[in-house]
There are 2 protein chains.
Amino acid sequence: MPADPPLPQRLLEHYNAMPRGERRLADLLLEDVRAVIDSSATALATRAGVSKATAARLFKRLGYPSFKAAQRALREQQAEPAPDRYGPTLGRLGGERPELGQHLQAEVRNLVATIEQQRSDELGQAVRLLARAQKLWVVGFGDNYSLAHFARSQLIKVRSDIRMIPLGGFSVPEEFASISESDVMLAFAIGRRTRSLRNIVASAMQAGTRLLYLTDGPALARSGEGSLTLKVRSTGTAMFDSPTAAVSLMAYLCAALGAHLGEAAVQRLRRIDAIHEDWGELAHPLEA
Amino acid sequence: MPADPPLPQRLLEHYNAMPRGERRLADLLLEDVRAVIDSSATALATRAGVSKATAARLFKRLGYPSFKAAQRALREQQAEPAPDRYGPTLGRLGGERPELGQHLQAEVRNLVATIEQQRSDELGQAVRLLARAQKLWVVGFGDNYSLAHFARSQLIKVRSDIRMIPLGGFSVPEEFASISESDVMLAFAIGRRTRSLRNIVASAMQAGTRLLYLTDGPALARSGEGSLTLKVRSTGTAMFDSPTAAVSLMAYLCAALGAHLGEAAVQRLRRIDAIHEDWGELAHPLEA
DNA sequence: TGCTAATGGATCATTTATGAAATTAAGTGT
DNA sequence: ACACTTAATTTCATAAATGATCCATTAGCA
């Protein structure tokens, strides 16, 4: 019943005050608190590249009397009712704010897992897809729309001919009709997958368009020839999933595409900046 | 012509290797690079709560021969014709894919710094703002549109009466006219801030609307009564900044709002699910 | 031009952090 | 109950980090 703060919380609270070595270990734990439960202090220290002494000190700093005590406490916490998803919200109603530390912990895990899971050659292939597409179709329905919008807003800084689906209030099939074999479709399928997505993906494959498919679910079924699935993790702590890792991966891909395109991309960026500047001036020539 | 990397890049690169004091200063600079140009080393050190010596050492670590040299270099970069954010890219052109590991590290740093920087009472206040607003105006221009869209798509799952600005092809002032004192505006100001944003924020304040302002820059100027600025870090490793941390913070806020609203939110979610299901069935009753 | 104030850079004494090794505690098997 | 093993904790010498202080240089000003 004492309900001491969970580990991620404590890590956050003391993060600033930690010296380098301890921070190294803290970073590790932020990625994976379970490690404390499973591993020994020695193993932990080794994994983080610090000495056992440092590990001991960290747990003291966090307010535990010792590593052992911390481990015990955490094991107990772990054993307690495993609240999950909507259920718990119903259960612990009444304005209980979810733990920030938990959130961070989950996000970091997602991020690390997502990024580490990527195969270098696949990323390279993805970048090439994005670069060589004649037209690029960015697809995101429902909750995926924001993600798609983000992707497009970054990609358009670096190359031209990018279409968005769905577009404004326009009917999808009409827009989609102009897709061709030399195009590429970048489709987002995080969380709830809609009918529309399945339909359009199916149509695209039928049309022979190559596909770059970002999902937190299973890979594309018949992903043959040129199509590619990138998996991301989006598990959230409370109520909703979080597209953070997807955003991050997409940000990376855009940067990578920029680097890939090289001079062309840079020039495009410059042009965009110039126009921005002009417009800024034109709109309000009075501002300081 | 050597086109040395800009300050934030360097800061991130060396961040892990920095001892506590230098890190404190680095954090300050990541929030406000301009400080180097404007302030003296002494002032900087004082602001960060470290000694001059530490400041000097930091700049040495970053690869500059001295603080002065760094300041000079940065002033030049700043003064250059176009905002040369892309300079470095030009330097290492030619399809070099940016380092995945670096990206990940930077993202995690941003995340941790962003989350850790939030004050619990402010987050609580933010949630209350979101909860009590009669109407909620979600504002995001330019690159911030995706973010705003994401925010709205999550928030709408949990409460009603959320407006989006800008909306479709509609003129902003016309929409905005109906704002009232009992409303709240959630405004995103990551990266490039547009005229429109400044205008609308100014108008909102004038109208007495409370503001929740998410930014990677300086806080809102006259943030009196009820308005609130949440700072996020968005420093990217290559070419573009990354809104990852902002997305994550927003995801948290939405979850927190859900918890805050409690039963009401859960019921709303259920209703939404039900409708989804109905529609799904109705649209394609044949699918497995 | 010469004086003053301020700023940056370097030095060094002090504090703090760190790992190797010694010590203690907790098991394990006999 | 007794070695014996293994892991945690403490100790301590060393290394690193830090800030106060001093000196040199520059900028501002009369």
Side-chain angles (χ1 to χ4, degrees), chain A residues 4 7 10-11 13-30 32-78, chain B residues 4 7 10-11 13-30 32-79 109:
Chain A
D4 24 39
L7 186 58
R10 298 196 192 206
L11 286 169
E13 266 159 36
H14 295 89
Y15 197 80
N16 279 324
M18 290 179 200
R20 251 192 331 194
E22 295 184 24
R23 227 173 65 242
R24 287 238 283 287
L25 187 51
D27 283 338
L28 183 76
L29 297 183
L30 239 25
D32 176 16
V33 272
R34 281 260 294 272
V36 184
I37 299 176
D38 308 331
S39 332
S40 73
T42 313
L44 238 46
T46 312
R47 262 219 293 166
V50 299
S51 74
K52 302 185 292 175
T54 302
R57 278 189 291 260
L58 171 62
F59 285 91
K60 289 239 175 77
R61 183 192 300 278
L62 296 180
Y64 298 102
S66 74
F67 170 77
K68 274 221 146 136
Q71 197 175 49
R72 235 178 303 121
L74 291 170
R75 279 191 175 136
E76 278 166 25
Q77 268 186 24
Q78 169 88 163
Chain B
D4 24 40
L7 187 58
R10 297 198 192 203
L11 286 168
E13 238 165 74
H14 294 98
Y15 197 86
N16 329 296
M18 290 180 200
R20 250 193 330 196
E22 295 183 25
R23 220 172 73 240
R24 286 236 282 288
L25 187 50
D27 280 334
L28 181 75
L29 296 183
L30 280 171
D32 176 16
V33 273
R34 283 270 298 268
V36 186
I37 298 176
D38 306 332
S39 330
S40 72
T42 314
L44 236 48
T46 312
R47 259 217 296 162
V50 300
S51 73
K52 300 187 297 174
T54 302
R57 278 188 290 261
L58 171 62
F59 285 92
K60 288 239 177 76
R61 184 191 300 277
L62 297 181
Y64 298 102
S66 75
F67 171 77
K68 270 218 150 139
Q71 197 176 48
R72 236 178 304 120
L74 292 169
R75 280 191 175 136
E76 277 166 24
Q77 268 185 25
Q78 168 88 168
R109 296 246 157 283

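Letters go in sequence order (proteins before strands), and every chain restarts at 1. Being a predicted model, the structure only gives us computed values, none of them experimental.
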* Structure fact -> From CD of B:Gln71 across to P of D:dA27 the rounded distance in Å is 11 Å
* Mind telling me whether B:Phe67 and B:Phe59 have parallel, tilted or perpendicular rings, with 30° and 60° as the class edges? => perpendicular
* Asked: Taking only side-chain nitrogens and oxygens of A:Ser66, does any of them come within less than 4.0 Å of OP1 or OP2 of D:dT9?
  -> yes
* Does B:Ser40 have a side-chain nitrogen or oxygen under 4.0 Å from the phosphate oxygens OP1 or OP2 of C:dG8? -> yes
* Phosphate oxygens OP1/OP2 of C:dG8: is one of them under 4.0 Å from a side-chain N or O of B:Thr42? -> yes
* Asked: Rounded to whole angstroms, how far apart are CZ on A:Arg24 and P on C:dG19?
  -> 7 Å
* Would you mind reading off the distance between B:Met18 atom CE and D:dA16 atom P, rounded to a whole angstrom? => 18 Å
* Do any N or O atoms from the side chain of A:Gln71 and from the backbone of A:Ser40 form a donor-acceptor pair under 3.5 angstrom? -> no
Quiz: residues 18-25 of chain A side-chain donor-acceptor pairs under 3.5 angstrom, not counting sequence neighbours:
unit_1	atom_1	unit_2	atom_2	d
A:Arg20	NH1	B:Ala17	O	2.5
A:Glu22	OE1	A:Arg61	NE	2.6
A:Glu22	OE1	A:Arg61	NH2	3.2
A:Glu22	OE2	A:Arg61	NH2	3.3
A:Arg24	NE	A:Ala48	O	3.4
A:Arg24	NH2	A:Gly49	O	3.1

* Asked: Do the side-chain N or O atoms of B:Arg20 get closer than 4.0 angstrom to the phosphate oxygens (OP1, OP2) of C:dA17?
  -> yes
* Can you tell me how far P of C:dA17 sits from CD of B:Glu22, to the nearest Å? -> 14 Å
* Report yes if the side chains of A:Arg47 and A:Asp32 come closer than 4.5 Å at any heavy-atom pair, otherwise no. => yes
* Structure fact -> Picking from D:dA8, C:dG8, D:dA17, the nucleotide nearest the side-chain atoms of B:Pro19 would be D:dA17
* Asked: Rounded to the nearest Å, what distance is computed from the CG atom of residue A:Leu58 to the P atom of nucleotide C:dA17?
  -> 13 Å
* Would you kindly give the CZ-to-P distance between A:Phe59 and D:dA7, to the nearest whole Å? => 16 Å
* **Presence of salt bridge, B:Arg109 and B:Asp27, under 4.0 angstrom** => no
Heteroatom pairs (N/O) under 3.5 angstrom, protein to nucleotides 20-26 of chain D:
none

* Asked: Are B:Val50 and B:Arg57 close enough that some pair of their side-chain heavy atoms sits under 4.5 Å apart?
  -> no
* Under-4.0 Å side-chain N/O to phosphate OP1/OP2 contact, A:Thr54 with C:dA17 -> no
* **Whole-Å distance separating the CZ atom of A:Arg57 from the P atom of C:dT16** => 14 Å
* To do: Could you please name the option among C:dT7, D:dT10, C:dG19 that lies closest to any side-chain atom of A:Lys60?
  => D:dT10
* Asked: A:Arg23 has an atom CZ; how far is it from atom P of D:dA17, in whole Å?
  -> 12 Å
* Hey, are the side chains of B:Leu29 and B:Leu58 touching, using non-hydrogen atoms and a 4.5 Å cut-off? -> yes
